[in-house]
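Every heavy atom of this structure was used, including side-chain atoms; hydrogens, water molecules and symmetry mates were not. Remember, it's 1-based here, ligands and their atoms both numbered in the order they're listed. Residues take their numbers from the sequence shown, with the count starting at 1. Because the structure is predicted, anything quoted here is derived from the model rather than measured.
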Amino acid sequence: MRVAMIGAGYVGLVSGACFAEFGVDVCVVDTEVSKVEALRAGRIPIYEPGLDRLVEENARDGRLSFTTDLAEAITGADAVFLAVGTPSRRGDGHADLSYVFAAAEQVARAAKGPLVLVTKSTVPVGTGRKIKEILRKVRPDLEIDVASNPEFLREGNAIGDFMRPDRVVIGAESERAFAVLRRLYRPLYLIETPIVQTGLETAELIKYAANAFLAVKITFINQMADLCEKAGADVHDVARGMGLDGRIGRKFLHAGPGYGGSCFPKDTLALARTAQELGAPVTIVEQTIAANDARKEAMAARVIAALGGAAQGKTVAVLGLTFKPETDDMRDAPSLVVVPRLAEAGATIRTYDPQPGHARQMMPAGVHFADTALGAVEGADAVVLLTEWNEFRALSPQKIKAAMKGDVVLDLRNAWDPASFREAGLTYQSIGRQ
Ligand code: UDX
């Protein structure tokens with residue numbers, strides 16, 4: 001089989017490389033010449049564990065290629081995937097669909113025969129129908145089926161999520177489209193992956209419903225953590241006690257500084273806007289968005305409070321800047337709120353992140369980037385653990401204490417053992433625990 005993947009961003013690259021690994025011929029298209037040249041030379045523009053090896057091997061074996069020429073890429077393709085960006089439109093939170101529509105139109109113009117056009121980008125409910133209209137207008141002569149096949153890839157674990165998904169969702173309106181997509185995912189039949197076959201609108205909504213539900217779940221446990229602190233309870237045990245109920249489940253009940261990333265913030269906002277427009281507001285998601293935004297601000301206030309109410313002249317070490325571990329992605333990371341607020345309050349900020357590439361461009365001027373975690377901690381009045389990279393878990397509290405000037409530690413991910421930090425003479429605070 002042969003597919004074209006339009007967009008060499010996170011989703012397009014991972015999906016393209018994984019389909020190639022399934023034995024499919026994949027051509028990935030991007031308009032950015034430098035990106036395509038880099039990929040051809042084996043350089044991967046993002047950090048995702050295992051992706052470099054997958055791209056290298058499949059490119060070497062001739063199943064994965066990169067081009068800027070969309071017409072060449074879609075020639076002979078059984079399916080063309082749209083994996084272009086759908087950022088939040090400035091101001092109103094709606095997903096910006098201009099890249100999706102432009103790509104669909106280009107595919108229609110360049111198509112030489114019937115094909116299946118599949119949206120992998122997260123697009124609001126109703127987008128597939130609009131794409132159908134565009135195709136009909138541009139190429140009334142041609143049969144182009146439209147399908148929706150949303151991705152559920154977690155950054156840092158994207159290849160595993162693609163190769164061993166909980167489910168594959170296929171929304172379409174023709175047997176041909178279903179058949180092409182089922183054939184593409186055939187390797188997953190061996191591991192009995194459930195395939196949800198449904199309509200276009202339903203598939204589009206499943207993606208938003210899943211992400212919004214997870215965002216609500218995280219926000220719920222975050223608010224429970226605040227309540228635990230007031231009530232003298234332990235959020236860790238509350239999460240475990242709740243999560244063992246099979247109806248609830250243990251995952252995504254980890255209290256923290258608020259969710260970030262490329263999906264939850266943007267998708268919750270887009271879902272809330274779409275739902276308002278369609279006259280069926282999802283107020284629980286609206287509340288979640290507001291609570292999560294407020295939480296990031298509250299984290300900065302918490303650090304200042306732990307410093308005795310003033311950050312002026314104090315040195316704060318921030319460990320972890322990316323929105324979660326095993327990624328270099330900074331989109332909507334809590335650090336983008338916490339660090340600027342501390343800097344505005346007069347603190348000197350020392351940071352360390354194992355993947356600081358993007359963070360370097362996004363932190364306020366004057367923020368110091370250390371080469372090691374202990375290097376960042378050097379001379380600090382307070383240490384804030386903001387992203388739970390594995391290497392931080394192994395840090396010795398004695399060494400932290402010895403490197404610091406002060407003794408305040410705020411573990412905003414509950415990654416450290418409170419007793420051993422206190423034994424080392426540190427004033428240790430975490431989230432939702434005593
Ligand atoms: C998410 C979805 O999981 C994925 O299915 C979708 O396709 C894209 O969005 P991702 O953004 O990569 O994936 O990260 P995820 O692991 O889901 O974490 C999102 C945010 O929630 C992170 O900031 C993380 O720190 C936070 N989080 C997650 C918590 O605070 N607590 C949890 O229990 C889980």
Where the closest heavy atom to atom 9 (O) of ligand 1 is concerned, which of P334, A215, C263 has it?
C263
Note: N211, heavy atoms under 4.0 Å from ligand 1, region reported as side chain
For ligand 1 and L153, I'd like to know whether there is a polar contact (N/O to N/O, distance under 3.5 Å).
yes
K324/E388 salt bridge by N-O under 4.0 Å criterion:
no
Which residue and heavy atom of the protein sit nearest atom 23 (O) of ligand 1, plus the separation
G260 N, 2.9 Å
May I ask you to say whether E56 pairs ionically with R43, meaning some side-chain N is under 4.0 Å from a carboxylate O?
no
Check K217 against ligand 1 and report side chain, backbone, both or neither, counting heavy atoms closer than 4.0 Å.
neither
Would you call R129-E201 a salt bridge at under 4.0 Å N-O?
yes
Are F19 and L184 packed together at the side-chain level, in the sense that at least one heavy-atom pair is separated by less than 4.5 angstrom?
yes
among protein heavy atoms, the one nearest atom 30 (O) of ligand 1 is I218 CG2, 3.5 Å
Can you tell which part of R413 has a heavy atom less than 4.0 Å from ligand 1: side chain, backbone, both or neither?
side chain
Test the R186-F22 pair against the cation-pi criterion, namely NZ or CZ under 6.0 angstrom from the six-membered ring centroid and within 45° of the ring axis.
no
Side chain, backbone, both or neither: the part of I221 lying under 4.0 Å from ligand 1 by heavy atom
neither
Atom indices of ligand 1, in the order listed, that fall short of 4.0 Å to a heavy atom of H254:
29 (C), 30 (O), 31 (N), 32 (C), 33 (O)
Any nitrogen or oxygen of F323 lying under 3.5 Å from a nitrogen or oxygen in ligand 1? Just yes or no.
yes
Out of E155, E151, E48, whose heavy atom is nearest to atom 12 (O) of ligand 1?
E155
Taking the six-membered ring of F323 as reference, does the cationic atom of R331 (NZ for Lys, CZ for Arg) lie under 6.0 Å from its centre and within 45° of its axis?
no
With the threshold set at 4.0 Å, does a side-chain nitrogen-carboxylate oxygen contact exist between R273 and E286?
no
Using a strict cut-off of less than 4.0 Å between a Lys/Arg side-chain nitrogen and an Asp/Glu carboxylate oxygen, indicate whether D226 and R295 qualify as a salt bridge.
yes
Looking only at heavy atoms, is any part of K324 under 4.0 Å from ligand 1, and if so is it the side chain, the backbone, or both, or is it neither?
side chain
